[in-house]
Peer 1: 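Before anything else, here's the structure in question.
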Amino acid sequence: MSRYWSAVVSDLTPYVPGEQPKLPGLVKLNTNENPYGPSPQVLAALREAALDTLRLYPDPGASELKQTLADYHGVSIKEVFVGNGSDEVLALAFMALLKHDAPLLFPDISYSFYPVYCKLYGIDYRTVPLDEQMCIRPDDYAEPCGAIIFPNPNAPTGIGLGLAAVESILLAHPEAVVVVDEAYVDFGGDSAVALIARYPNLLVVQTLSKSRSLAGLRVGFALGHPDLIEALERVKNSFNSYPLDRLSLAGAAASFRDEAYFQQTRQAVIGSREQLALELAGMGFEVLPSQANFIFARHPRHDAAQLAAGLRARSVIVRHFNAPRISQFLRISIGSADECAALVRALRELL
Ligand code: PMP
């Protein structure tokens with residue numbers, strides 16, 4: 001606290017991202033990064049973009065990347081918004097579309113950045129409890145509200161919601177914007193992109209950080225009705241005209257041109273996840289069914305915080321949330337086959 005701070009700053013509770021320690025030999029399974037590198041075509045595009053032209057500002061409209069995304073997802077360029085990671089896209093969406101007189105609804109267990117944005121913008125919100133199976137129940141959202149947001153698959157549970165259930169939420173709230181945060185959808189979830197043409201209140205947000213292995217490049221995007229996109233553009237252009245630099249624009253577009261690499265790496269992650277889920281279950285863990293690139297699991301006889309500390313002592317880091325309902329769970333990102341094996345070895349020692 002400093003006497004130079006504004007009242008707003010004094011009142012904030014910022015989001016704390018998973019740590020990024022720089023220790024040699026660390027098995028890092030705490031921030032849902034992809035164990036496989038970006039496509040070689042992305043790396044080539046980045047090298048090609050590292051030119052004297054970096055002295056020039058990038059395209060403020062990001063039109064080439066937007067067109068690539070529009071073609072890839074079968075929408076028009078007016079239905080595409082891009083930003084510096086999906087965190088930035090979400091931040092702009094909270095301000096542009098989710099602040100209303102009636103409260104914003106989101107699950108009690110979901111992405112812990114949502115309440116942080118609410119605090120920043122002064123958005124009134126109400127959390128809706130997941131059911132006993134830790135699932136989103138659409139009927140629980142049937143109440144007057146200003147807007148709705150949820151991750152699908154949900155984080156940190158990894159549990160996905162079927163498209164019919166997403167559609168029932170959209171149908172119940174034609175007057176409210178519904179944001180579906182699909183950061184993990186490529187690992188087995190059902191994307192709501194197919195519903196955009198029929199629901200002008202739907203905004204789908206995705207990222208290149210997970211399934212396209214580009215967390216370090218910072219690119220996310222939103223797809224939705226042109227009116228929703230225009231709202232995002234208005235806020236973006238009141239804040240930062242150039243959220244994506246020349247390298248990000250080139251690398252992100254190249255990623256969507258290498259479909260074979262995308263399919264191969266995402267299937268590898270899904271395969272490792274299924275194998276790891278079986279191994280954890282064999283050790284007595286209760287493993288939630290994941291459609292994401294992480295597993296959320298608890299052990300009936302071992303305290304999660306102690307397990308996390310024991311893993312850390314063995315150079316394996318996973319994420320533990322000291323929060324109601326989930327304090328006995330560990331969130332374990334799916335690493336390479338070797339990393340998964342190291343995790344299993346360390347857990348066997350601990351148990
Ligand atoms: N949404 C969810 C549900 C996430 O877990 C994350 C990753 N922390 C993000 C959005 C943001 O990812 P990024 O900013 O890297 O696109």
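Atoms within each ligand, like the ligands themselves, are counted from 1 in listed order. Quick caveat, the model's predicted, so the values are computed rather than measured.
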Peer 1: Among L217, D181, T207, V219, which one puts a heavy atom closest to atom 3 (C) of ligand 1?
Peer 2: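 The nearest heavy atom belongs to D181.
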
Peer 1: Nearest protein heavy-atom contact for atom 15 (O) of ligand 1: which residue, which atom, what distance?
Peer 2: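 The closest one turns out to be S209 OG, 2.6 Å.
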
Peer 1: For atom 7 (C) of ligand 1, what's the nearest protein heavy-atom neighbour? Residue, atom name and distance, please.
Peer 2: K210 NZ, 3.2 Å

Peer 1: Can you confirm, on distance only, whether ligand 1 has an N/O atom lying under 3.5 Å from any N/O atom belonging to D87?
Peer 2: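 Among all N and O atoms of D87, at least one is under 3.5 Å from an N or O of ligand 1.
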
Peer 1: If only side-chain N and O atoms count, and only distance matters, is there a donor-acceptor pair under 3.5 Å linking Y36 with Q264?
Peer 2: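 Note: Q264 and Y36 side chains miss the donor-acceptor criterion.
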
Peer 1: Looking at ligand 1, is there an atom of it that comes within less than 4.0 Å of some heavy atom belonging to E88?
Peer 2: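 E88: no contact with ligand 1 (<4.0 Å).
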
Peer 1: For the atom pair CZ (F187) and CD1 (I270), what is the distance rounded to the nearest 0.5 Å?
Peer 2: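 Answer rounded to 0.5 Å: 7.5 Å.
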
Peer 1: Among Y184, F150, F221, which one puts a heavy atom closest to atom 5 (O) of ligand 1?
Peer 2: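 Looking at heavy atoms only, Y184 sits closest to atom 5 (O) of ligand 1.
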
Peer 1: For G85, counting its heavy atoms only, list the atoms of ligand 1 lying under 4.0 Å from any of them.
Peer 2: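 In order of number, 14 (O), 16 (O).
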
Peer 1: With R331 as the cation and F321 as the aromatic partner, state whether NZ or CZ is under 6.0 Å from the six-membered ring centre and within 45° of the axis.
Peer 2: no

Peer 1: Would you mind checking which non-hydrogen protein atom is closest to atom 8 (N) of ligand 1, with the distance to 0.1 Å?
Peer 2: Y111 OH, 3.1 Å

Peer 1: How about N154 and Y184: do any of their side-chain heavy atoms sit closer than 4.5 Å?
Peer 2: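 Not touching, per the 4.5 Å side-chain cut-off.
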
Peer 1: Donor-acceptor check, side chain of R246 to backbone of T53, threshold 3.5 angstrom: yes or no?
Peer 2: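 Yes, because the side chain of R246 sits within donor-acceptor range (under 3.5 Å) of the backbone of T53.
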
Peer 1: Is the cationic atom of R126 (NZ for Lys, CZ for Arg) positioned less than 6.0 Å from the six-membered ring centroid of Y141 and within 45 degrees of its normal?
Peer 2: no

Peer 1: Salt-bridged, E233 to K66, with N to O below 4.0 Å?
Peer 2: yes

Peer 1: Taking only heavy atoms of S86, which atoms of ligand 1 are found under 4.0 Å from at least one of them?
Peer 2: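 Listed by number with element, the hits are 9 (C), 10 (C), 11 (C), 12 (O), 13 (P), 14 (O), 16 (O).
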
Peer 1: Under 4.0 Å from a heavy atom of R218: which atoms of ligand 1 are those, numbered in the order shown and with their elements?
Peer 2: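 Going through ligand 1 atom by atom, the ones under 4.0 Å from R218 are 13 (P), 14 (O), 15 (O).
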
